[in-house]
Amino acid sequence: MWLLSEASKVKVKAQESHQSVSEISGAVQAQVRQRRDISTAETDWLAQEVPIALVYNGISHVVMMATPNDLEAFALGFSLSEGIIDKPDEIFGMDVVPGCNGIEVQIELSSRRFMALKEQRRAMAGRTGCGVCGVEQLDQIGKPLQPLPFTQTFDLANLDIGLAQLRNYQPIGNLTGCTHAAAWMSPHGELLGGCEDVGRHVALDKLLGHRSQQSWQQGAVLVSSRASYEMVQKSAMCGVEILFAVSAATQLAVEVAERCNLTLIGFSKPGRATVYSHPQRLV
């Protein structure tokens, strides 16, 4: 992870992303000291990390530590990737309400979905990017996944095009060096949209929520992090057939990808990629 400490570098990075520093929410200024001159304080930027409570029909279901941006997309993506809903129209309303210790996203579920949620409800207090903290039984972690169809293909020659655009979707990361990104990549390598967060799982949920409101069907997910089993599981729950990760994949992630027919690729870097499962979708 890299850090920017000089104001001039901060402004250059913001200009490269076509956004002024003052327009970027989710980052705050702080006084820091550098090893080269510990006697002098200077201004740097920190990514915000606050408690976000998802409240379904008045009952708090989960608290995650996240960057307070794109919270409607996060709530929608989390609801889809956790199997709380099958489709966006099962949410009737949503309000983002700041509180004294964090932010609540108040979600109105359909009666049928709320009854199902109450039956399987789990209480978890999330740390950064953690999706299973507080799960009471180990057998609650894994979710049954329907095998994915084989409708997508991707030409690996286009991967470098998407990788070159990924930082465009990290304005907070360009200031702080402190966020993960998740983006939807078209078969031609163009990134159609992306989200960032201090937690990799939250960044993915935000993207999946955003994707559910778009007409993005052809393509793949590209994440700036490693691929844990939960990243695979969330993607598969939302019908994503191809997942590219910039870093490595875990053994359990590969097992889950094999079982649910997801094509998983790690170490996605310019001129390089490691295919772990179902290579038949790749050209």
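- Listed by chain and residue number, nothing satisfies the ring-ring contact (aromatic ring centres under 6.0 Å, His included) test with Tyr169 (two or more places apart in sequence, or in another chain).
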message = Does Gln233 form a side-chain contact (heavy atoms from CB on, under 4.5 Å) with Cys260? I'd like the steps, not just the answer.
response = CA-CA 9 Å; Gln233 182 171 268; Cys260 71; over 6 Å; no
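- Annotation for Val240 and Leu148: closest pair O-CD1, 3.2 Å, computed over non-hydrogen atoms.
- Between the side chains of His201 and Ser81, no donor N or O sits under 3.5 Å from an acceptor N or O.
- In the model, Glu241 has a side-chain atom that pairs as donor or acceptor with a side-chain atom of Thr151 under 3.5 Å.
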message = Run the salt bridge (charged side-chain N to carboxylate O under 4.0 Å, His left out) test on Lys206 and Glu196 for me, step by step, so that the C-alpha distance in whole Å, both residues' side-chain angles and the decisive distance to 0.1 Å come before the verdict.
response = CA-CA 8 Å; Lys206 288 178 177 180; Glu196 67 177 328; over 6 Å; no
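- The structure places CG of Asn57 at 7.5 Å from OG of Ser111, a figure rounded to the nearest 0.5 Å.
- Residue Ala30 comes nearest to Leu46 through the heavy atom pair CB-CD1, 3.6 Å, listed as atom of the first residue, atom of the second, then distance.
- Under the ring-ring contact (aromatic ring centres under 6.0 Å, His included) criterion, Phe150 pairs with His278, sequence neighbours left out.
- Cluster annotation: Val28 and Leu175 are assigned to distinct hydrophobic clusters (Ile/Leu/Val/Met/Phe/Trp/Tyr, side-chain heavy-atom contacts under 4.5 Å, transitive).
- Gln29 places none of its side-chain heavy atoms less than 4.5 Å from the side chain of Asp44.
- Looking only at side-chain heavy atoms (C-beta outward), Thr263 and Pro279 stay at 4.5 Å or farther from each other.
- Using a 4.5 Å cut-off on side-chain heavy atoms (C-beta onward), Ile84 and Leu109 make contact.
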query = What's the verdict on side-chain contact (heavy atoms from CB on, under 4.5 Å) for Ser186 and Gln218, showing C-alpha distance, side-chain angles and the deciding distance?
reply = CA-CA 6 Å; Ser186 79; Gln218 305 296 313; over 6 Å; no
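- Scanning all heavy atoms of the two residues, the minimum distance from Val198 to Ala47 falls at CG1-CB, 3.9 Å.
- Note: Arg211 CZ to Cys195 SG = 12.5 Å, rounded to the nearest 0.5 Å.
- Inspection of the Thr153 and Arg281 side chains reveals no N or O donor paired with an N or O acceptor under 3.5 Å.
- Proximity of Leu264 to Leu243: side-chain heavy atoms (C-beta onward) are separated by under 4.5 Å at one or more points.
- A side chain to side chain contact (heavy atoms under 4.5 Å, CB included) with Leu76 holds for exactly one of Asp70, Ile85, Val105; it is Ile85.
- For the ring-ring contact (aromatic ring centres under 6.0 Å, His included) test, residues two or more places apart in sequence or in another chain that qualify with Tyr56 are His61.
- A 6.0 Å sphere centred on CD of Gln146 holds no more than 12 heavy atoms belonging to other residues, nucleotides or ligands.
- Rounding to the nearest 0.5 Å places CD1 of Ile161 at 9.5 Å from CE of Met185.
- Nearest heavy-atom pair across Glu42 and Gln34 is OE2-CG, 3.5 Å.
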For residues 247-256, tabulate all N or O donor-acceptor pairs below 3.5 Å that involve a side-chain atom, not counting sequence neighbours.
unit_1	atom_1	unit_2	atom_2	d
Thr250	OG1	Ala253	N	3.1
Gln251	NE2	Glu255	OE2	2.2

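- Both Tyr276 and Leu145 are part of a single hydrophobic cluster, where members link through side-chain heavy atoms under 4.5 Å apart.
- The CD atom of Gln152 lies 11.5 Å from the CG atom of Leu282; values are rounded to the nearest 0.5 Å.
- Contact of the Trp184 side chain with the Leu191 side chain is not registered, since no non-hydrogen atoms from C-beta on lie closer than 4.5 Å.
- Looking at Thr40, its side chain never comes within 3.5 Å of a backbone N or O of Asp37 through a donor-acceptor pair.
- The structure places CD1 of Ile103 at 4.0 Å from CD1 of Ile52, a figure rounded to the nearest 0.5 Å.
- Listed by first then second residue, pairs satisfying salt bridge (Lys or Arg N to Asp or Glu O under 4.0 Å) with a partner in residues 92-115 read Asp86-Arg113, Glu90-Arg112, Glu90-Arg113, not counting sequence neighbours.
- Val96 and Phe92 fall into different hydrophobic clusters, where Ile, Leu, Val, Met, Phe, Trp and Tyr residues are linked whenever their side-chain heavy atoms come under 4.5 Å apart, directly or through other members.
- Aromatic rings from His210 and Trp216 are positioned such that their centres are separated by under 6.0 Å.
- Asn69 and Thr67 form no side-chain donor-acceptor contact under 3.5 Å, judged by distance and modelled atom types alone.
- Contact detail for Gly193 and Leu207: the closest heavy-atom pair is O-CD1, 3.9 Å.
- Here the closest non-hydrogen pair linking Leu262 and Ala236 is CD1-N, 4.2 Å.
- Ile59 and Met64 fall within a single hydrophobic cluster, where Ile, Leu, Val, Met, Phe, Trp and Tyr side chains are chained together by heavy-atom contacts under 4.5 Å.
- Taking the side chain as every heavy atom from C-beta outward, Leu166 and Ser224 approach each other to under 4.5 Å.
- For the pair Ser235/Leu204, a side-chain contact is recorded, criterion being any heavy-atom separation below 4.5 Å from C-beta on.
- Within the 4.5 Å cutoff, the side chain of Asn158 has no heavy atoms near those of the Pro187 side chain.
- Linking Ile, Leu, Val, Met, Phe, Trp and Tyr residues whenever their side-chain heavy atoms come within less than 4.5 Å places Phe78 and Val50 in a single cluster.
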Can you list, pair by pair, the side-chain donor-acceptor contacts under 3.5 Å of residues 265-273, counting residues two or more places apart and other chains?
unit_1	atom_1	unit_2	atom_2	d
Ser268	OG	Ala245	O	3.0
Lys269	NZ	Val246	O	3.3

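- Glu82 CD to Leu208 CG: the interatomic distance, rounded to the nearest 0.5 Å, is 11.0 Å.
- No donor-acceptor pair under 3.5 Å is formed between the side chain of Asp197 and the backbone N or O of Ala203.
- Shown here is Asp89, whose CG atom has more than 12 heavy atoms of other residues, nucleotides or ligands within 6.0 Å.
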side-chain contact (heavy atoms from CB on, under 4.5 Å) between Val221 and Val223, worked out = CA-CA 7 Å; Val221 166; Val223 297; 3.7 Å; yes
